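For reference, the structure discussed in these notes is given below.
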Amino acid sequence: MKIGIIGTGNIGASLVRKLSAAGHRVTVANSRGPETIEAELLTSGAVAGTAEEAAKDVDVLVLSVPLSAIPKLAPLVASLPERTTVVDTSNFYPQRDGEGFVPADTVESVWVGEQLGRPVVKAWNCIGSASLASNGRPSGDPERLALPVAADREEDKKVAMELVEATGFTAHDAGTLAESWRQQPGTPCYGTDLSIGALPAALERADRENAPIRRDLVVQVFPTGWSARSAATSTTPVGTLRKAFRRSCGVGSECMVTFRL
Ligand SMILES: NC(=O)c1ccc[n+]([C@@H]2O[C@H](COP(=O)([O-])OP(=O)(O)OC[C@H]3O[C@@H](n4cnc5c(N)ncnc54)[C@H](OP(=O)(O)O)[C@@H]3O)[C@@H](O)[C@H]2O)c1
């Protein structure tokens, strides 16, 4: 497939490496220009370009930028043909993106679709960057992890599920975008590295009302820097999180269900 990837950060860089290594034709862009993209990222054949070049004549455009940058990309996305699949890896963190940037009770990828004027696919959003980089496994490997993929258009979902599989994870059909709150921060599948045996039940267990509270508790526990916090949600042992919550927030074990596997 011809794939454009916008964003060369924690998530975007892994997607560039994995999808180009899997034989896809990848063009990648960031906000600062192609000359700032490291040569190492291009060793499997990906090409650096401007955002316009990354979006030109592609089957799939992956947006892997902070959610607050999504509205800036709307004119670019508006130029895409209807058939192009747009994948969104973003998550809303008020501490990073701005309090109220996404109105309360709004499903994040529905909001993203509204900003862009077209439906997106929500994928790769609930795996930590360290896990995405290192935990891909071949199909059939008993240790292979699973990731939810939500979309409104069946063709988009099919394409995105194929790409998730190509990055080394079993793709699970998680329904429509309206249901994708089940894979947002603070839910049981978020950052918990689940197998395909465990993922459907984790999505089912998601608690919409409490997910933002749990998300914000995680941020409070790891106050030392955004990247440290992101990494911690995916890799920190459950027991460590539980102790840190109790120490810093004084909350009981019922708040820990997010991290119970
Ligand atoms: N980090 C994680 O563990 C993780 C896990 C799952 C999902 N996510 C979500 O995935 C998204 C990306 O996360 P990340 O950690 O990879 O972010 P990141 O490391 O901060 O990287 C963001 C990338 O977006 C680019 N960018 C920002 N605004 C842009 C614009 N207007 N045009 C073009 N490029 C732009 C930046 O360009 P420059 O390099 O030029 O600054 C950078 O390459 C976020 O929404 C995040 O919530 C993150």
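Treat the numbers as computed from the prediction; the structure is a model and nothing was measured. Numbering of ligands and ligand atoms starts at 1, following listing order.
When the options T167, L163, V87 are evaluated for a side-chain contact (heavy atoms from CB on, under 4.5 Å) with L15, the one that passes is T167.
Checked by atom type and distance alone, the side chain of S14 never pairs as donor or acceptor with a backbone atom of I11 at under 3.5 Å. Using modelled atom types, no side-chain atom of D141 and backbone atom of R137 make a donor-acceptor pair closer than 3.5 Å.
Heavy-atom separations between S64 and ligand 1 include at least one value shorter than 4.0 Å. In this structure, A29 has no heavy atom closer than 4.0 Å to ligand 1.
Considering backbone and side-chain N/O of Y93, none are found under 3.5 Å from N/O of ligand 1. Residue-to-ligand polar distances place T8 within reach of ligand 1: an N/O pair is separated by less than 3.5 Å. Of the polar atoms of T89, at least one N or O is found under 3.5 Å from an N or O of ligand 1, judged by distance alone. Considering backbone and side-chain N/O of I11, one or more are found under 3.5 Å from N/O of ligand 1. Below 3.5 Å of separation, one finds an N or O of R96 facing an N or O of ligand 1. For V65, a nitrogen or oxygen atom sits less than 3.5 Å from a nitrogen or oxygen atom of ligand 1, counting backbone and side chain alike.
When each atom of ligand 1 is checked for a heavy atom of G128 under 4.0 Å away, the hits are 3 (O). The A69 neighbourhood of ligand 1 comprises atoms 28 (N), with distances under 4.0 Å to a heavy atom of that residue. When each atom of ligand 1 is checked for a heavy atom of R32 under 4.0 Å away, the hits are 38 (P), 39 (O), 40 (O), 41 (O). Atoms of ligand 1 lying under 4.0 Å from at least one heavy atom of I127, given by number and element, are 5 (C), 6 (C). Those atoms of ligand 1 that come under 4.0 Å of a heavy atom in L67, given as number and element, are 45 (O).
At a heavy-atom distance under 4.0 Å, only backbone atoms of N125 (N, CA, C or O) approach ligand 1. Proximity of A51 to ligand 1, defined as any heavy-atom pair under 4.0 Å, is not found for any part of the residue. At a heavy-atom cutoff of 4.0 Å, ligand 1 is contacted by the backbone of W124 but not by its side chain.
In terms of heavy atoms, I3 sits closest to V58 at C-CG1, 3.8 Å.
Partners of D59 under the side-chain hydrogen bond (donor to acceptor under 3.5 Å, both in side chains) rule, at least two apart in sequence or in another chain, do not exist in this structure. For the ring pair (Phe, Tyr, Trp, His ring centres under 6.0 Å) test, no residue two or more places apart in sequence or in another chain qualifies with W181.
Expressed to the nearest 0.5 Å, how far CG of L63 lies from OG of S90 amounts to 8.0 Å. Rounding to the nearest 0.5 Å places CD of E162 at 15.5 Å from NZ of K157.
Using a 4.5 Å cut-off on side-chain heavy atoms (C-beta onward), P94 and F101 make no contact.
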